[in-house]
Every structure is written in C-alpha cells, then in structure tokens.
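What follows is a single structure, written as structure tokens, with notes after it.
Model, not experiment: these values are computed from the prediction. Numbers restart at 1 for each chain; the letters A, B, ... are given by sequence-line order, proteins then strands.
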Amino acid sequence: MWDTIIITPFLNVLLLIYSLVFSNFGIAIILFTLLIRVLTHPLTVQQIKGTQAMQNLQTNKSWIEMQKKYKDDKEKLAKEQMALYKELGVNPFASCLPTVIQFPIIIGLYQTITRAMASTPLQLLFLEQHLYPGLLKVSAILPLNSHFLWMNLGQPERLFLPFLPTVGIPILAIVVVVTTYLQSRLMTPPTTGDPHDQSAQMAKMMNLYMPFLMGWMAWSLASGLAVYFVASNIFTVLQYSILGKVNWRNVLPFPLKFGQAKSAPSSGKQLPSSTRKPVKKSQAR
Amino acid sequence: MMIELKRMKKFRLSLTLVVLFFFLILSACTGAPSSTWPGVTATQDTAYVANGNGVFAVNLNNGTLLWRFPDKAVTGKSFYAAPVVTDDGQILVGDYSNTLYSVDLKGKQNWIFDKAKGGYNASPLTTKDGIYAPNTDDTLYALTLQGALRWSFATKHSLWAQPATDGALLYLPSLDHNLYALQVSDGKQKWATDLGAAINSSPTLGTDGILYVGTLGKEVLAVKTSNGQILWRVSTDDGVWGKLVLQNGNLVFGDTSGKIYSISASNGKILWTVPKQGGLITGGAAVLPDGFVLTTETSNVIHVDPTGKILWNQTISGKLYATPIYVSDHLLVASMEGDSLLVSLDQSGKQLWAFVVPK
C-alpha cells in the first residue's frame with residue numbers, strides 16, 4: 001500500500017521532471033523538493049500558526065497563574081488547560097499535526113530518491129515495474145544519468161583534489177551541516193528568556209543535534225539525498241521568510257527586515273469566570 | 001528548585017532519545033536495501049552460489065556445504081554476481097564494493113583485483129588467455145589469469161552483463177544502450193551500435209557471425225558481429241533481462257511480463273509463446289534434454305518442451321529471479337527470500353535437496 005500510494009506516484013513525478021530537465025537528476029531532485037514544499041505549504045502555514053499560538057500562550061498571564069496554582073494537581077491542571085485552549089481558540093495539536101502528516105511524505109521522498117538511483121538489478125527491476133507506461137518511456141529513461149556536477153548521485157559524495165588524490169573531501173556533507181544549522185537558527189523563534197521555557201530548551205537541543213545528524217546522513221548515504229537535504233533547507237528558509245517567521249537576529253549581527261519574525265506578544269486575557277472565584281476559607285459556625 | 005532541575009534534565013534526556021529514535025527510523029527508511037538476487041554457477045560436482053556476505057560451495061550430490069568464502073562475513077562485503085570457474089581451476093567472484101576475488105577450488109584466496117571504482121553486478125568472462133570483468137563504474141577491466149591489469153575500456157554507463165567473445169572480438173553490452181565490439185588483444189573499439197535501450201543481458205553468439213540480445217526496451221535484436229549492423233528486431237511484451245538460449249536455430253527466453261517466447265534466429269519470427277504462468281521472468285532458460293526451464297518472481301519453475309507445451313509447473317519457496325542451471329541431472333534453482341538458498345530438482349520437478357545457509 002505504501003508503494004502504491006506514496007512511492008510509485010513520487011517516483012513517476014520525479015522521473016517526469018527528470019525527463020523534462022534534459023535528464024539532469026540533480027536538478028530534478030531540487031525541483032521535486034520545491035514541488036513537495038509548495039504542495040505542503042498549507043500544512044506548513046497551519047503548523048506555524050499553531051506553534052505561534054502555543055508560544056503566545058506561554059506568556060499569557062492566565063496561563064502562568066494556572067501553572068502555578070495547579071502545579072501539584074495534574075488532573076485539574078489538564079482540565080483548566082483544555083478550558084483555556086477552548087476559550088482562547090487554540091488547538092494544541094495544530095502545531096504538531098501538520099508535522100505528523102508531513103513525516104510520511106518526507107520518508108517517501110527519501111525512499112523515492114534512493115530507489116530512483118537504482119544501483120542493483122533488484123532496484124532497477126522495481127523501478128522498471130513501477131513506471132506508468134503512459135507517462136514515461138522505459139527505454140528512453142532508464143538507466144538514469146546519476147552524474148550531477150562532480151557527484152555520482154547514487155554514491156556518497158567526495159571531492160578528490162589533484163594534489164590530494166587519496167583523501168575525499170565531503171563537501172556536500174559540510175554544506176548540509178551548515179545549511180541545517182542556519183535553518184534551525186533562523187527558525188528558532190524569539191525566546192522569552194525564561195530558563196524553564198521548555199520550547200526554548202527544545203529548540204536549543206534541536207539546533208545542536210540536527211546539523212550533526214543530518215551531516216552524518218549526508219556523509220554516509222547516496223549524495224542524491226544530500227542534494228535533497230540542502231535544497232530542502234534552503235527552500236524552508238525561503239518559505240519561512242515569505243511568511244515573516246525568520247529570526248535573522250539569531251544569525252546576523254545586524255537586523256534584517258525581510259521575513260523578520262516578531263517577538264511573542266504577552267496576552268493579559270483573564271481566566272474564565274468559574275476559575276476566578278477566590279478560594280473560600282472555612283467559616284466558624 | 002531541585003525538582004525543577006531534575007525535571008529539565010529528564011526532559012532533555014527524553015528529547016535526545018526521541019531525536020535519536022527519529023533518525024534511526026529515518027536511516028532504516030531511507031530506501032530499498034542494497035541487495036539483489038543470488039547468482040549461481042556449477043561444475044559437474046559442485047554448485048557455487050553468491051549471496052549476501054559470502055560465496056558458498058555446495059556438494060551437488062547431497063546439497064551440503066563444502067566451504068564458504070570468506071570464512072567469516074566481512075562488514076561491507078556482499079556478493080551477488082554468479083561466480084565463474086576458469087579452466088585453470090580458479091573461481092572468480094566480484095563483490096559489491098570494488099573487489100574481484102580469485103579463489104581456489106577449496107575456497108582459499110589466490111589474488112584480488114581492487115582497482116575498479118564500483119561493484120560487480122555481473123560475472124566476469126574468462127577465456128584461456130584472460131579475464132574480462134564488467135564493472136558498475138562503467139568500465140570493462142581486462143586482466144591476466146593472475147589478476148594483473150592488461151587494459152580497460154570505459155563506456156558511458158554501468159556494465160551489468162557478462163560480455164561474450166568469439167575469440168577475436170569481445171561483445172560488451174552496456175546500460176548506456178550501446179553494444180560494443182572490442183578487440184580482445186588490446187581493447188580497441190571496433191564498432192558500437194545503439195540498440196535503443198539499456199542492455200542488461202549477456203549477448204548470445206550464433207555460429208554464423210550473428211549475435212542475439214534482449215534489451216529493457218522490450219525488444220530482442222540480431223546484430224552482425226562484423227560491423228554491428230542490426231539485422232532484425234522483434235518486440236516483446238516487456239523488458240528482456242535474461243540471456244537468450246539458442247537451440248536448433250531458435251531463441252528461447254522470457255520477459256518481465258512473464259511470457260515465454262521462442263523465435264526464429266534467422267528472421268525473428270515468433271514461433272510460439274507461453275502465456276504468463278506466474279510473475280515476471282528475469283533469468284535466462286536452463287536447457288534440459290527434453291526442453292527448457294524458466295523461473296518466475298512468484299516462485300514458479302516452469303518446464304516447457306521444444307514446442308512450447310508446459311510439461312510441469314512447480315513452485316518452490318521464494319522469489320526466483322536467477323537463471324536456473326542444469327548440470328549432472330540436477331536442475332539448480334537459487335531463491336531469494338525463500339526457505340532455502342539453493343534447491344536441486346530432477347527432470348520431473350521432484351526436489352532432490354535444498355541448501356540452507358548455516359547460521
């Protein structure tokens with residue numbers, strides 16, 4: 001089912017693009033990444049809105065008071081949180097549901113690019129059997145031209161310089177580390193300064209781990225995937241810039257107006273009336 | 001305060017584990033495994049099958065393991081191209097990294113050739129004078145029987161099929177759509193003909209200066225060996241992966257639609273076909289005294305007589321992509337993802353033994 005719904009359509013679209021860009025697989029990967037980004041843009045917008053709403057909530061006076069008041073009563077806290085979400089019109093899942101939906105698309109994209117660069121007979125057979133005959137002509141399209149710039153997209157990328165013939169420099173892996181780091185930093189929202197702010201902690205750790213993990217994958221896997229990583233990082237920054245959610249201050253020493261994210265506002269909205277009644281002291285008869 | 005610190009530490013640890021788990025999943029999901037179906041060859045008393053981390057020598061009489069090479073699995077080394085046995089008692093097998101090994105009949109390494117930049121998807125061709133090893137780095141390497149490089153010839157894409165030779169010229173099929181004719185002595189190109197699609201199967205040489213080959217473009221072609229001229233071409237229902245068998249002036253083969261064909265070698269006229277009996281066919285046909293055997297992806301072993309009549313259709317466990325071999329009254333079928341790696345059947349389809357790789 002996974003192959004039928006995700007992999008096969010992705011493969012055919014990727015190879016259709018490949019056939020339209022003069023059999024250049026690197027360009028096809030970049031354009032395919034852009035296409036996926038455009039198609040999932042509504043989900044990205046929803047995710048950003050959800051994240052922003054949750055972030056705003058962290059500075060909401062009612063929220064903060066509620067956390068302090070019910071910190072020892074998890075059940076009551078959860079109940080009050082849901083009530084506040086409802087009152088403020090915040091969907092706590094809005095920030096993560098788009099990610100959950102995009103996750104299989106990302107996996108599908110990885111598998112599609114890997115399978116398209118068939119390096120074994122079994123992989124080529126799979127490719128041949130999954131092309132839509134009305135859309136693509138097998139004889140014209142297979143095998144794919146896996147060379148792009150200095151790379152063989154089916155192999156891990158290494159650049160061998162004439163004066164250093166035995167040492168391959170993983171240029172693309174380095175680019176992946178740098179672009180992943182920049183993307184993470186640029187998308188990290190302005191913080192509240194609270195050392196106990198969990199979302200800030202999460203962002204800090206992701207900024208630290210992600211570049212190395214992505215770099216390791218780019219170093220060890222086929223370079224076609226690394227091209228996808230770089231393209232994806234750049235398109236993500238552009239996407240967030242257009243939506244005005246990029247935090248240039250995290251990277252540049254000077255302010256940049258284009259796409260600059262605004263700081264999270266502090267909302268002073270009061271708690272619902274049922275929870276604003278003071279706790280009554282027991283009275284003597 | 002202490003409780004808060006502990007909570008934050010616990011949160012960081014959880015997040016670290018989640019991120020690591022995510023990337024473990026991602027690494028596992030990054031596409032199809034880099035394996036393919038096994039390759040098998042046989043002499044009068046031993047079968048050699050390359051699969052995964054080793055090459056296995058199997059006693060043809062009873063299916064027991066004689067030896068494996070290497071002795072223990074080596075990380076990063078995998079073997080799938082069918083081994084080749086030379087006239088001087090070497091067993092040649094290429095791995096998926098870049099090394100061609102020569103091993104003696106007891107499984108001990110003689111020499112290696114590791115100058116190629118890609119893996120070996122196809123078996124080398126051997127003659128009394130040398131070894132011709134097609135590599136996925138687009139290059140054919142010509143070696144002496146001791147493994148020294150004589151010459152090399154680069155094409156424009158990977159080489160996934162064993163070349164053929166008539167002694168004077170070498171006929172090299174490439175995924176770049178071309179069939180090349182090279183001088184055996186020095187590798188100089190005599191001619192190259194574009195067949196219109198990737199060529200994944202070894203050419204079959206006729207006796208009259210014509211060779212026959214199938215392509216992934218759903219065609220079988222006859223080519224003149226003297227100048228590469230295409231004499232005729234016949235369309236098939238789907239791609240032709242296996243080597244064509246030439247018997248009594250007729251070519252027998254299967255295609256990936258699952259159909260079996262017999263066509264006249266003189267003019268390409270289709271003599272008979274057997275409709276799809278199971279899944280696709282990627283291997284060539286084994287020649288038996290009373291007909292031919294082909295295998296399918298859906299576990300069918302199909303025996304047809306020279307008129308195309310099905311004599312029997314047996315199923316064995318696993319996906320049967322490799323070309324079956326008939327030797328010393330044993331029909332050897334290599335299986336992928338089956339209960340056993342290699343099965344021996346008799347001419348009636350009855351199983352004689354099954355070889356399972358020991359753990």
[atom1] ([X]) with more than 12 external heavy atoms under 6.0 Å:
X	atom1	value
A:W219	CH2	no
A:Y181	OH	no
A:F212	CZ	no
B:K77	NZ	yes

>> Between A:T120 and B:Y80, is there a side-chain heavy-atom distance shorter than 4.5 Å?
In response: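 Result no, sub-4.5 Å side-chain heavy-atom pair not found.
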
> If you tally heavy-atom pairs under 4.5 Å against chain A, which of B:H157, B:M336, B:K156, B:E297 wins?
Replying inline: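 Max contact count across the listed options: B:H157.
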
> Which atoms of B:T282 come close to chain A, meaning under 4.5 Å heavy atom to heavy atom: side chain ones, backbone ones, both, or neither?
Replying inline: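 Only the side chain of B:T282 comes within 4.5 Å of chain A.
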
>> Is B:T256 close to chain A through its backbone or its side chain, or both, or neither, when contacts mean heavy atoms under 4.5 Å?
In response: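 Backbone plus side chain of B:T256, per the 4.5 Å heavy-atom cut-off to chain A.
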
Proximal component of [X], with respect to chain B [non-hydrogen, under 4.5 Å]:
X	result
A:L144	backbone
A:I113	neither
A:A222	neither

>> Can you give me the closest heavy-atom contact between A:S139 and B:H177, atom names plus distance?
In response: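 Looks like O-CE1, 3.0 Å.
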
> What are the two closest non-hydrogen atoms of B:W241 and A:P121, and how far apart are they?
Replying inline: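 Heavy atoms only, the tightest pair is CH2-O, 3.5 Å.
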
>> Sub-4.5 Å heavy-atom contacts with chain B: which residues of residues 5-15 of chain A show up?
In response: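 No residue falls under the 4.5 Å cut-off.
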
> What distance do A:L122 atom CG and B:K319 atom NZ have between them, rounded to the nearest 0.5 Å?
Replying inline: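 One gets 7.5 Å once the value is rounded to the nearest 0.5 Å.
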
